[in-house]
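The sequence lines fix the lettering, A, B, ..., with proteins before strands; numbering per chain opens at 1. What you see is a predicted model, and the numbers here were worked out from it, not measured in a lab.
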Amino acid sequence: MDIRDLAPPEVRGSAPRLTLTGREEVLIEGHRGLISYETENIRVRSGMGLISVSGKHLTIAYFGTQDLLILGRVQDVSISEEGG
Amino acid sequence: MKKRGTVRFQVSGLSMERLMNEACRHEIRLKNVKRGKYREITACLTPEEYGSFCGIAQEKGFHVGKAEPVGALRIWERDKKRWGLWAGLCIAAALLIFALSMIWEVRIENAGPYLGEIKAYLQELGVRPGVRRDQIPLSQLQDNLEWRFPRIKWIRAEYAGTTLKIRVEEGTPPPLIADQGGAGDVIAGEDGLLLRLNTFAGTPAAKAGQWVRAGQVLIRGEERGQNGELVPVKARGEAIARVWISRRVQMDVREYKTVPTGENAIVREISAPFFHWMRGEKPDYQTFDLERTVTPVIGVWFPVTLIRDIFMEADTLVTQRDLDAVRREAGESAWLQLKQALIADEIVDKWMNFSIIEEDTMVATATAEVRRDIARYRKE
């Protein structure tokens with residue numbers, strides 16, 4: 001077994017980390033690019049698939065090489081294999 | 001020079017996400033991205049990143065709108081030519097710094113019966129609101145207060161913002177050795193009849209019931225050691241004495257009045273800073289009343305004035321004032337002066353004496369007998 005397998009997935013670099021704070025903030029760490037951005041839906045490519053954040057008045061407060069911070073009224077966060 | 005701040009701009013084109021990913025690959029960190037109309041977003045970047053972003057966007061066929069500064073940069077860009085505003089801000093800041101360097105309140109805490117005396121002593125030292133903080137060395141002030149009030153165990157003086165706080169703790173302090181500030185005597189600050197001498201450190205050199213003169217040593221700054229040798233100490237103590245304080249006021253009992261003789265002379269002048277012209281001559285009256293009218297020729301800002309002097313010859317008539325009125329006036333004045341001299345003293349008795357010198361001067365002498373601590377420290 002490789003010693004790297006003992007590390008958590010987000011450390012290994014394969015899996016993104018999603019942090020939802022209340023209904024107002026979603027932080028996606030380790031994303032692989034933005035697929036679409038609308039005020040009611042933002043879709044982001046990640047190592048484990050497509051992350052879709054739905055809500056109202058969604059804005060991208062920060063879009064960096066690793067992190068993406070979404071603000072707004074979050075209603076739904078989902079992950080699908082499609083586009084991963 | 002690196003330009004600081006943030007700019008906001010608008011980008012339009014097909015597939016904004018593609019442009020955002022491209023910017024991300026170039027390590028351009030977009031902030032506050034908001035979707036506007038279809039094919040349009042607004043975002044914020046630093047001015048440096050904005051330059052790089054424009055290059056990428058134009059290369060990919062996107063249209064980037066004009067950048068507008070936001071936050072502090074926006075204020076700077078908007079107001080950088082308003083010299084009056086910046087000068088005003090600088091003056092306000094300078095005034096604020098100046099105001100913060102002063103003492104605006106002197107607060108004495110826990111002083112109990114010493115409050116009045118400490119206030120008076122601080123006034124004597126020039127410690128009052130409106131004085132610069134650096135003019136008052138706190139440790140020296142603390143030391144002075146401790147010497148002045150030997151019954152106080154310790155005094156702590158400190159600044160709290162623009163307030164000078166003096167905290168007092170009452171008690172009998174232990175005698176201090178010479179190393180702790182230097183040896184010295186306690187002397188009489190003024191003449192008086194010594195009622196009580198409490199020695200806290202040093203050797204008494206006077207006793208109750210004795211008349212003492214200002215400057216006389218009351219407690220010597222030395223003590224006998226265990227082997228009988230004399231050890232220099234900081235003498236400390238309290239010398240309560242009966243002190244008589246007087247204030248004297250002289251007042252003329254005659255009243256001088258002028259009575260016009262009817263002879264008048266008018267002199268007119270035109271006066272300017274570098275020019276002076278006079279019409280008529282000043283009369284050689286021995287005594288006269290003068291009525292002067294000054295009229296600006298053109299206006300307040302033009303320094304040419306027309307002066308009209310009327311000299312009215314007069315004889316001087318000397319009359320005797322009502323003695324009771326003079327006496328009352330002189331007495332009130334002397335008493336007022338005495339009250340100002342007795343700020344926090346315990347008055348035992350007071351009286352007023354009147355006398356007339358050379359038949360034309362009334363002298364009022366207000367005297368008060370007070371009990372006060374006359375001990376003063378004198379460093380060797």
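Contacts classified as side-chain hydrogen bond (donor to acceptor under 3.5 Å, both in side chains) and involving residues 12-24 of chain B (residues at least two apart or in different chains) are given here: Glu17(B)-Arg35(B), Glu22(B)-Arg25(B).
Tyr62(A) OH to Asn32(B) CG: the interatomic distance, rounded to the nearest 0.5 Å, is 12.5 Å. In this structure, the separation between CD on Glu27(B) and CD on Gln66(A) is 9.5 Å, given to the nearest 0.5 Å. The line from OG1 of Thr39(A) to NZ of Lys34(B) is 12.5 Å long, rounded to the nearest 0.5 Å.
If you measure heavy-atom distances from Met20(B) to chain A, the contacts under 4.5 Å come from both the backbone and the side chain. With a 4.5 Å cut-off on non-hydrogen atoms, Ile41(B) touches chain A through its side chain but not through its backbone.
Within 6.0 Å of the CD atom in Glu68(B), the count of heavy atoms belonging to other residues, nucleotides or ligands does not exceed 12. Around atom CD of Glu25(A), more than 12 heavy atoms belonging to other residues, nucleotides or ligands sit under 6.0 Å away. Atom CZ of Arg156(B) has 12 or fewer neighbouring heavy atoms from other residues, nucleotides or ligands inside a 6.0 Å radius.
Chain B forms the most heavy-atom pairs under 4.5 Å with one residue out of Leu34(A), Leu69(A), Thr59(A), and that residue is Leu34(A).
The closest donor-acceptor contact from the side chain of Tyr37(A) to the backbone of Val33(B) lies under 3.5 Å.
Taking Arg128(B) as the reference, nothing meets the salt bridge (Lys or Arg N to Asp or Glu O under 4.0 Å) condition, with sequence neighbours excluded.
Minimum interatomic distance between Gly64(A) and Cys24(B) (heavy atoms only, all atoms of both residues): O-SG, 3.2 Å.
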